> 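Let me begin by handing over the structure; questions about it come next.
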Amino acid sequence: MASNFSNTTARASTAGAVRSRIVGVGSALPTRCVSNQELALELARKGVETSDEWIVARTGIEQRWLAEPDVSSSMLGTQAAQAALRSAGVAADDIDLVICATSTPDFIFPSTACLIQKALGITGGAAFDVQAVCSGFVYALATADGLIRSGVARRALVIGAEVFSRILDWNDRSTCVLFGDGAGAVVLTAAQKPGILASRLHSDGRHEHILRAAGNVCGGAVKGHPFLTMDGQAVFKLAVNVLNDVARETVEAAGLTINDVNWLIPHQANVRILTATARKLGIAPERVVSTVAQHANTSAASVPLALSVAVEDGRVKSGDLVLMEGVGGGFTWAASLVRM
Ligand code: UT7
């Protein structure tokens, strides 16, 4: 990450209210990249018909990164966290809060955040997971911001890490072509100036059935259906509406307007959702960070992965106003407005 971000690390003021600020960003991808063409060939061998043309036209996805069987969310999360710590110039020892957003944890327990904490050699502070599916990273960021502002923590690692390929039904072409694996992370520190200007979180459990992995482990056996199922069109319609609403609500809460936003980083599910959301908000397409072509939908990892790409390629700079948005199972949706 650009060094000017590292230099913004600030100490909380005793005079003013404590706020939080992103001072480092990092990401990690598995080693295996699978193009649409390769996936279509693999699926054809088991009688599942799809094509590069369909996937690109309906979603904008061109490829996805799939974890090898021995790679877990905590491993990808640890790599992303290490990259974020390096970019922030912060030592793992200085972290007193680890929050990992994931729907594909390594274990039932301990939390993936505790496993990442162990892998990083952090022995103090708090660590826990957030489960808000594709809104998870924004939920986790808002939670860490609240804990820093209330004085409970001073330096947090906020991570989104997923191996969604593990919960896909590879015989269901309507879902298995859409997702990938990966992780992204930020370092958030106490600061005099925000940082995180405003966040808004929402959920409406009445829609839980439109996107779910409704299985569990009971008495040593899988109970229910342990694969992702989705009513794609219902999710699509709801997503575009709530992403528009929560973006406006969050920007207004910060006393700013949509015109002030330099970069929109929405959850990366479908390029058509990104385009429709930007159009509704009146944000020019070149101000939207889109990585859905390269990563597919990585659920809670998608927003920090996209942020990391845009910081690394120099689009997102220190001082830019970035609006991050999540939407997904629950049904959940959330936004966070951040001065980088
Ligand atoms: O991360 C959580 C948030 N998730 C999302 O935001 C996903 C939101 N939903 C979507 O992105 C879209 O609804 C999808 C990409 C999932 C589907 O696109 P769609 O334009 O809504 O397509 P559809 O479901 O209406 O399917 C159209 C046709 C169907 O065939 P018929 O019934 O018209 O003959 C499907 O069977 O496309 C067929 N189809 C496929 N064909 C080739 C569905 N999946 C595939 C496939 N390859 N992989």
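Predicted model only: the values in this text are computed from it and were never measured. Counting starts at 1 for both ligands and their atoms, in listed order.
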> Is there side-chain contact between F236 and R272, with at least one heavy-atom pair below 4.5 Å?
yes

> Nearest protein heavy-atom contact for atom 8 (C) of ligand 1: which residue, which atom, what distance?
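Heavy-atom neighbour on the protein nearest atom 8 (C) of ligand 1: G232 O, 3.5 Å.
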
> Find all atoms of ligand 1 within a distance of less than 4.0 Å from any non-hydrogen atom belonging to H267, and give their numbers and elements.
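The atoms of ligand 1 under 4.0 Å from a heavy atom of H267 are 1 (O), 2 (C).
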
> Are E208 and R212 within salt-bridge range, i.e. N to O under 4.0 Å?
yes

> Between Q63 and S35, does any side-chain donor sit less than 3.5 Å from a side-chain acceptor?
no

> What protein heavy atom is closest to atom 18 (O) of ligand 1, reported as residue, atom name and distance in Å?
R272 NH1, 3.9 Å

> What atoms of ligand 1 come within less than 4.0 Å of a heavy atom belonging to V177?
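So the atoms of ligand 1 that pass are 48 (N).
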
> Between T102 and D129, does any side-chain donor sit less than 3.5 Å from a side-chain acceptor?
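No.
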
> Please determine whether any non-hydrogen atom of S174 lies less than 4.0 Å from an atom of ligand 1.
yes

> Relative to ligand 1, is I273 under 4.0 angstrom through side chain, backbone, both or neither, heavy atoms considered?
side chain

> Using heavy-atom distances only, which candidate in F179, F236, W54 approaches atom 37 (O) of ligand 1 most closely?
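Going through F179, F236, W54 one by one, W54 has the nearest heavy atom to atom 37 (O) of ligand 1.
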
> Among K237, R173, M230, Q233, whose heavy atom sits nearest atom 25 (O) of ligand 1?
Q233

> Any donor-acceptor pair under 3.5 Å linking the side-chain atoms of T298 with those of E162?
no

> Quick one: which of N297, I61, L178 has a heavy atom closest to atom 16 (C) of ligand 1?
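Considering heavy atoms of N297, I61, L178, the nearest to atom 16 (C) of ligand 1 sits in L178.
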
> C134: heavy atom below 4.0 Å from ligand 1, yes or no?
yes

> What part of L211, side chain from CB on, backbone N/CA/C/O, both or neither, has a heavy atom under 4.0 Å from ligand 1?
side chain

